[in-house]
Number of protein chains: 2
Amino acid sequence: MSPLLNTPVTITDKIFVELRQQIVNGEIVAGAKLSEVELAQKNTVSRAVIREAINRLTACHLVERKANIGARVVTLTAVGLQELYQVREALEGMAARLAAHHMQDDELAELRTLLDNHQQQVQKDENYYQAAGDDDFHYHIILGSHNQHLITMLLDGIYHLSRMYRVQFGMSGPRVKQAFDEHKQIVQAIINRDPELAELLMRRHIVGTKNSVNSERLDNIPKT
Amino acid sequence: MSPLLNTPVTITDKIFVELRQQIVNGEIVAGAKLSEVELAQKNTVSRAVIREAINRLTACHLVERKANIGARVVTLTAVGLQELYQVREALEGMAARLAAHHMQDDELAELRTLLDNHQQQVQKDENYYQAAGDDDFHYHIILGSHNQHLITMLLDGIYHLSRMYRVQFGMSGPRVKQAFDEHKQIVQAIINRDPELAELLMRRHIVGTKNSVNSERLDNIPKT
DNA sequence: AACGCGTATATTGTCGACATTTTAAGCCAT
DNA sequence: ATGGCTTAAAATGTCGACAATATACGCGTT
């Protein structure tokens, strides 16, 4: 199982991870064209490697490719962000529901420890939280669903695009404390083995995040 | 926009579509190894073409690839089917919700026409319905969501795997009439612009289909 | 006879070159 | 000057060959 592909075995894996990070961080700017020859020279690898890496990025929805024309980094738009949150609402809501069914006791213990750590972080340094804490939380819930399709779609597919929006628009926001409380409620529902409540709360949590983002920084997004 | 890629422009497109169909129909049996050289010879194309096609199939969750070892067609299992339906429940439920928001009048008219045709088919030949009618219905709802991510994930990603299960296990079942009635209810909710009811009904519809399948043919599925 | 080691074979990963398509430039005609 | 056609350049698509890795076989040892 290699959801995040932390141990790249082949050269293509390595290039893929590097390009993905550069795209998410905006080092390769949104909307930019990905020239195969240029990237091949810059990374000192064959075009075949670049091609395969680009194909994987396409599967992650980070890149769009047109036949005989080329590949471009996706452009970040207001509606795109909206649509992404809608998909997350559906999938992560289901993940929370399934987590309430399937999470083992040791997983729950881990989740609790995670929350405790986050609580301390929230009281000290608010910035840390949104950066890593939120991701960690959702990450655990997703894995807790024990649904391989769900896990793959979210972690390999949508996760990085989500981070790309967050990084490039610098969403941190005043929702830190509230989001943490919502996390606590979700965990409680899971511990209580209440799938429907867990799903409901997770969906509200994501919708809340979406709305807070929309009212904050939406104007910075370039025209469609 | 090429959700189904009906007009393959490049050779790789053509091979990809062909392989996908062969896999869905079971001509390439589930669990089989996909040898690159063998497929290259058999189709009179380069290995590069085969490789790229296999990569796309991997993105569709029809094939699993391990580095330095090779690619195998996914194996169909009872839990895999269960998980697939859970993902569909989440995504198509959201699609129905969004369709109630965003479907235009002309799209609704099309949907109504579709239902009328299906009604006639149901009264005559029950087999036809599950074969094409159900797919058509869900297809329209998904497109009606007007959410590009949702559309891509479902039509490019999950749709074919769903069909693979259905084709290879020959699910037709006695739910034909009931499923049609459920479709009618969903459409009515969409026409009434009632997103929550539309989502609720769609989720019930999919859960119902899942349960009817599970009690029918689940035994035919080979061991995990 | 069974186990482990080393070699041979087959398969995947990577590379450079050719073919085809798109894009850009230049020229001619109006 | 502008518009369209022809041609040159660059990019993607496809190919065959080499390199690296995994699998299979055979041998020797216990």
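Chain letters run A, B, ... following the sequence lines, proteins first and then strands; every chain starts at 1. Just so it is clear, the model here is predicted, and its values are computed rather than measured.
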Interatomic distance, [X] [atom1] vs [N] [atom2] [rounded to whole Å]:
{"X": "A:R72", "N": "D:dT12", "atom1": "CZ", "atom2": "P", "result": "11 Å"}
{"X": "A:N55", "N": "D:dT14", "atom1": "CG", "atom2": "P", "result": "11 Å"}
{"X": "B:D13", "N": "D:dT14", "atom1": "CG", "atom2": "C1'", "result": "13 Å"}
{"X": "B:R47", "N": "D:dA19", "atom1": "CZ", "atom2": "P", "result": "15 Å"}
{"X": "B:E36", "N": "D:dT21", "atom1": "CD", "atom2": "P", "result": "17 Å"}
{"X": "B:F16", "N": "D:dT14", "atom1": "CZ", "atom2": "P", "result": "14 Å"}
{"X": "A:E52", "N": "D:dT12", "atom1": "CD", "atom2": "P", "result": "16 Å"}

### Task
Report the C-alpha separation of B:R203 and A:E199 in whole Å, then their side-chain angles, then the decisive distance to 0.1 Å, and conclude whether the salt bridge (charged side-chain N to carboxylate O under 4.0 Å, His left out) test is met.
CA-CA 14 Å; B:R203 290 183 67 157; A:E199 173 168 13; 2.7 Å; yes
### Message
Assuming nearest nucleotide by heavy-atom distance, tell me which of A:A67 and A:I11 is located more 5' along DNA chain C.
### Response
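The residue closer to the strand's 5' end, by nearest nucleotide, is A:I11.
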### Query
What are the two closest non-hydrogen atoms of A:L76 and A:A30, and how far apart are they?
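Of all heavy-atom pairs spanning A:L76 and A:A30, the closest is CG-CB, 4.3 Å.
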### Message
Counting the benzene-type ring for Trp, do B:H118 and B:H183 have ring centres under 6.0 Å apart?
### Response
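Here the rings of B:H183 and B:H118 have centres that are no less than 6.0 Å from each other.
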### Message
Taking any atom closer than 4.0 angstrom to a non-hydrogen atom of chain B, what span of DNA chain C does the protein reach, first nucleotide to last?
### Response
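In short, chain B contacts DNA chain C from C:dT11 to C:dT14.
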Strictly below 4.0 Å: does [X] bring a side-chain N or O up to OP1 or OP2 of [N]?
{"X": "A:R51", "N": "D:dG13", "value": "yes"}
{"X": "B:S46", "N": "D:dG13", "value": "no"}
{"X": "B:T10", "N": "D:dT14", "value": "yes"}

### Task
Could you check whether A:I54 gets within reach of a base, just the sugar-phosphate, or nothing at all, counting any heavy atom under 4.0 Å?
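The answer is nothing, as A:I54 stays clear of every strand by at least 4.0 Å.
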### Query
With distance as the sole criterion, is a donor-acceptor pair present between the side chains of A:N55 and B:R56 under 3.5 Å?
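No, because no side-chain N or O of A:N55 sits under 3.5 Å from a partner of the opposite role on B:R56.
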### Task
Could you tell me whether a side-chain N or O of A:S35 sits under 3.5 Å from a main-chain N or O of A:E38, the two making a donor and an acceptor?
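Looks like yes, one N/O pair under 3.5 Å.
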### Backbone N/O of A:I23 and side chain of A:Q168: donor-acceptor pair under 3.5 Å
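Indeed, once roles are kept as given, a pair shorter than 3.5 Å links the two residues.
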### Task
Just jot down the salt bridge (charged side-chain N to carboxylate O under 4.0 Å, His left out) partners of A:E83, sequence neighbours excluded, or say none.
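A:E83: no salt bridge (charged side-chain N to carboxylate O under 4.0 Å, His left out) contacts found.
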